[in-house]
Student: 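Input: one structure, supplied below.
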Amino acid sequence: MKNIVLYGAPGAGKGTQAALLAEKFNLMHLSTGEMLRAEVAQGTSLGQRVKGIMERGDLVGDDIVLSLIDKALTANLAGEPRDEWDEHRRQRAIENGQNVAERKVPSIIFDGFPRTVQQAQMLEFVFSRRQMRLDAVISIDVNRDELIRRIHERAAISNRADDNDDATIRHRLEEYEEKTHPVLEYYKVSGLLVSIDGGGEISETNTRLCSLMEHLLRDE
Ligand code: ADP
């Protein structure tokens, strides 16, 4: 089992690339943004607490995010399907005659987390409690003009409230610079950081990521 963080600014393509990698390499894709949006959509009490924060483009509190991550890690280690897609893969494994009861715990790709240095430290703590560790942090580098262009493009096709307002987009990028960018330095010091150029087409970035992942997962 390997644990990999996909790091990037809003609009860098983390979500798109993490989903492609999860499918190709059979990884568990943990997106805190998706988990939070699901809570909002379901109208849970947690969802009601974070709705306004997300709409303003602020970061949600570290404790809330950690509780979601902790729950997902427990489910992964217990071998529970986390969502419909995971269940679909499980069914396919049964059809292929694999013993799903003994399937190995899938490697994890984190998308949108950790987003503060404190979250990075908290991740180390929850990992150490479970005898797990982080294997790599892959940063998808994209310049600011391209990030803004992509978020506008995504606004036209998604119904994400935080993509549809210029002030909110600017604020998300400020939050990123101020709170998330220091996470890069944190991982650079620990020697886990690898950076790739994410300024091109989806397929170009994907090719770079796939060869990195093949390398990382080789001695799994
Ligand atoms: P993007 O990368 O485009 O900002 P995400 O789906 O990762 O999209 O995040 C959307 C919003 O969800 C963020 O602006 C923030 O409010 C909240 N969020 C997601 N992940 C985290 C996190 N790890 N910590 C705090 N807030 C988060």
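Note that this is a predicted model, so its numbers are computed, not measured. Below, all heavy atoms of this structure are taken into account, side chains as well, without hydrogens, waters or symmetry copies. We count ligands from 1, going down the list as the structure has it; atoms in each ligand are counted the same way.
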Student: Are any of the side-chain nitrogens in D70 or R130 under 4.0 Å away from the carboxylate oxygens of its partner?
Tutor: yes
Student: Between the side chains of R218 and H215, does any donor sit under 3.5 Å from an acceptor?
Tutor: yes
Student: N or O contacts of ligand 1 with protein under 3.5 Å, please list pair by pair.
Tutor:
| unit_1 | atom_1 | unit_2 | atom_2 | d |
| --- | --- | --- | --- | --- |
| ligand 1 | 2 (O) | K14 | NZ | 2.8 |
| ligand 1 | 2 (O) | R115 | NH2 | 3.4 |
| ligand 1 | 3 (O) | R154 | NH2 | 2.9 |
| ligand 1 | 3 (O) | R160 | NH2 | 3.4 |
| ligand 1 | 3 (O) | R172 | NH2 | 2.9 |
| ligand 1 | 4 (O) | R115 | NH2 | 3.0 |
| ligand 1 | 4 (O) | R172 | NH2 | 3.3 |
| ligand 1 | 6 (O) | R37 | NH1 | 3.0 |
| ligand 1 | 6 (O) | R37 | NH2 | 2.9 |
| ligand 1 | 7 (O) | R115 | NH1 | 3.1 |
| ligand 1 | 7 (O) | R115 | NH2 | 3.3 |
| ligand 1 | 8 (O) | R160 | NH2 | 3.1 |
| ligand 1 | 9 (O) | R115 | NH2 | 3.3 |
| ligand 1 | 16 (O) | D58 | O | 2.6 |
| ligand 1 | 20 (N) | T32 | OG1 | 2.8 |
| ligand 1 | 20 (N) | G112 | O | 3.4 |
| ligand 1 | 20 (N) | R115 | NH1 | 3.3 |
| ligand 1 | 23 (N) | T32 | OG1 | 3.4 |
| ligand 1 | 23 (N) | G112 | O | 2.9 |
| ligand 1 | 23 (N) | Q119 | OE1 | 3.0 |
| ligand 1 | 24 (N) | Q119 | NE2 | 2.9 |
| ligand 1 | 26 (N) | V60 | N | 3.0 |

Student: Between A9 and L147, which heavy-atom pair has the shortest distance, and what is it?
Tutor: CB-CD1, 3.5 Å
Student: I'd like to check the side chain to side chain contact (heavy atoms under 4.5 Å, CB included) partners of T44; sequence neighbours left out, ordered by chain and number.
Tutor: E39, Q42, L46
Student: Quick check on side chain to side chain donor-acceptor pair (under 3.5 Å): which of D162, D166, D58 does H171 satisfy it with?
Tutor: D58
Student: Check the angle between the aromatic planes of Y176 and H181 and answer parallel, tilted or perpendicular using the 30° and 60° thresholds.
Tutor: perpendicular
